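Heads up: the structure comes next, in structure tokens.
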Amino acid sequence: MKILVLNCGSSSVKYKLLEMPQGDVLAQGAVEKLGLPDSFLKLTLPNGEKVVIEKEMPEHTVAVELILSALTDEKTGCIKSYNEIEAVGHRLVHGGEKFSNSVEITPEVIAKVEECIPLAPLHNPANLKGIAAIEKLLPGIRQVGVFDTAFFQTMPEHVYRYALPYDMCNKHGVRRYGFHGTSHRYVSARACEILGLDYNKTRIITAHIGNGASIAATMNGKALDVSLGMTPVEGLMMGTRSGDVDPGVLTFLMEAENLDAAGISELINKKSGVLGVSGISSDMREIEDGIKHGNERAILAMTMYDYRIKKYVGAYAAAMGGVDVLVFTGGVGENQFSTREKVCSNMEFMGIVFDPVVNNGMRGKEMVISKPESKVKVIVVPTDEEYMIASDTMTILAK
């Protein structure tokens, strides 16, 4: 079964064509700079060669049409006809409290996703444009939506509520929703599969760390807690996002720097985090280079970044009464072995016996990086959200 997975953002469209159920990737690529004159499609051929197709794409339908053309093109394609695509799975960012599972796209589902636009004003409209583009270009094909927030709908009320006026929160839908749910769901289940553990009887902490970052606690097959909140700003320090910060600091800065709501939003979303502290970049490779050259602010940024991850690991171990598995994933989690070592060092009291020899230099592989005697198994699992979306699509459409 060939399933096309789309991840439509405001200025990009990422895609993968997968052969299910085995999960073989037949094609993948992304449209970048959507809506700008210099937009382009970058894709990977079956032989691994990278190809760039430049074309002005003012909106999502044109972008999706170019992707479909590339899939069937004699030089860049892997299928002969659109008819070979049996279904389309979409990454949908925000389902609010309306969706706790992936669903087949219907007019009723679209209406509910539209109702969630105030919770994700940048993401949900773009996701919906992707659905509309497929309806126009591949009329009649079945589509499935997989929500970033759905996995965390199992969080109990005392976890997802903020200590703000109860009725006000209910009125405006203010609560912790969490994001990266598709990734946390995949790597937590995959880790148990690798380790031979029963997912429904295991306490798991998953660290999805990269430019965007979150940590989740999954207990007995259900999400208990997540570091991201109502928006993707709360929790860990990220590439350009502040993570946890005293709200009083924000009101102080609004007055001191004469910032309005839009200004403070830009500050905590785009000018803070690793970029804000280091003054160099939000890219960890550039931070690591700065550390090698003795840049004190780069050292400080990395130390803060690692410390916050470690602090959340300890907090979630306490919340679950212990932990059986710690999983690293995401761009930093999969590739930055120094961060993995910093997080796991001096954690023997919690049952972690780390293996620095196995960890050192290891990038992008499924690998256990704790010693055999470690009570807590520490493992790296590269995330695969597209496979998870395709898997959900296949399962739902088989019913």
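Quantities reported herein were computed from a predicted structural model and do not represent experimental measurements. Count residues from 1 along the sequence.
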Kindly assign one of parallel, tilted or perpendicular to the pair H184 and H180, based on the angle between their ring planes and the thresholds 30° and 60°.
tilted

Are there over 12 heavy-atom neighbours, none belonging to E157, within less than 6.0 Å of that residue's CD?
yes

R175 NZ/CZ over Y177 ring centroid, <6.0 Å and within 45° of normal
yes

Are R190 and Y199 in a cation-pi contact, defined as NZ or CZ under 6.0 Å from the six-membered ring centre and within 45° of the axis?
no

What about M219 and L228, same hydrophobic cluster or not, with Ile/Leu/Val/Met/Phe/Trp/Tyr joined at side-chain heavy-atom distances under 4.5 Å?
no

Donor-acceptor under 3.5 Å ([X] side chain, [Y] main chain):
X    : Y    : result
K310 : K342 : yes
T154 : A223 : yes
R91  : E386 : no
S100 : A150 : no
D324 : V376 : no
T72  : L68  : yes
N360 : P356 : no
T76  : A70  : yes
S102 : V146 : no

Answer yes if the side chains of [X] and [Y] hold a donor-acceptor pair under 3.5 Å, and no otherwise.
X    : Y    : value
R340 : N335 : no
T383 : S183 : yes
T339 : D306 : yes

Measure the spacing between [atom1] of [X] and [atom2] of [Y] and express it to the nearest 0.5 Å.
X    : Y    : atom1 : atom2 : result
I209 : I215 : CD1   : CD1   : 7.0 Å
T106 : R142 : OG1   : CZ    : 11.5 Å
L6   : N127 : CG    : CG    : 10.5 Å
I299 : I287 : CD1   : CD1   : 11.0 Å

Verdict with supporting geometry, D225 and Y312, side chain to side chain donor-acceptor pair (under 3.5 Å):
CA-CA 11 Å; D225 205 342; Y312 264 93; over 6 Å; no

Apply side chain to side chain donor-acceptor pair (under 3.5 Å) to residues T182 and E385 and explain how you reach the verdict.
CA-CA 6 Å; T182 307; E385 293 168 276; 5.2 Å; no

Would you please test Q22 and Y387 for side chain to side chain donor-acceptor pair (under 3.5 Å) and show each step?
CA-CA 9 Å; Q22 59 268 42; Y387 171 80; over 6 Å; no

Quick test of your reading of the model: are D73 and K75 salt-bridged, counting only N-O distances below 4.0 Å?
no

Among D148, D384, D392, whose salt bridge (Lys or Arg N to Asp or Glu O under 4.0 Å) with R185 holds?
D392

Using the rule given for ring pair (Phe, Tyr, Trp, His ring centres under 6.0 Å), can you reason through F328 versus H208, listing the C-alpha separation, both sets of side-chain angles and the distance that settles it, and then say yes or no?
CA-CA 6 Å; F328 287 97; H208 176 112; over 10 Å; no

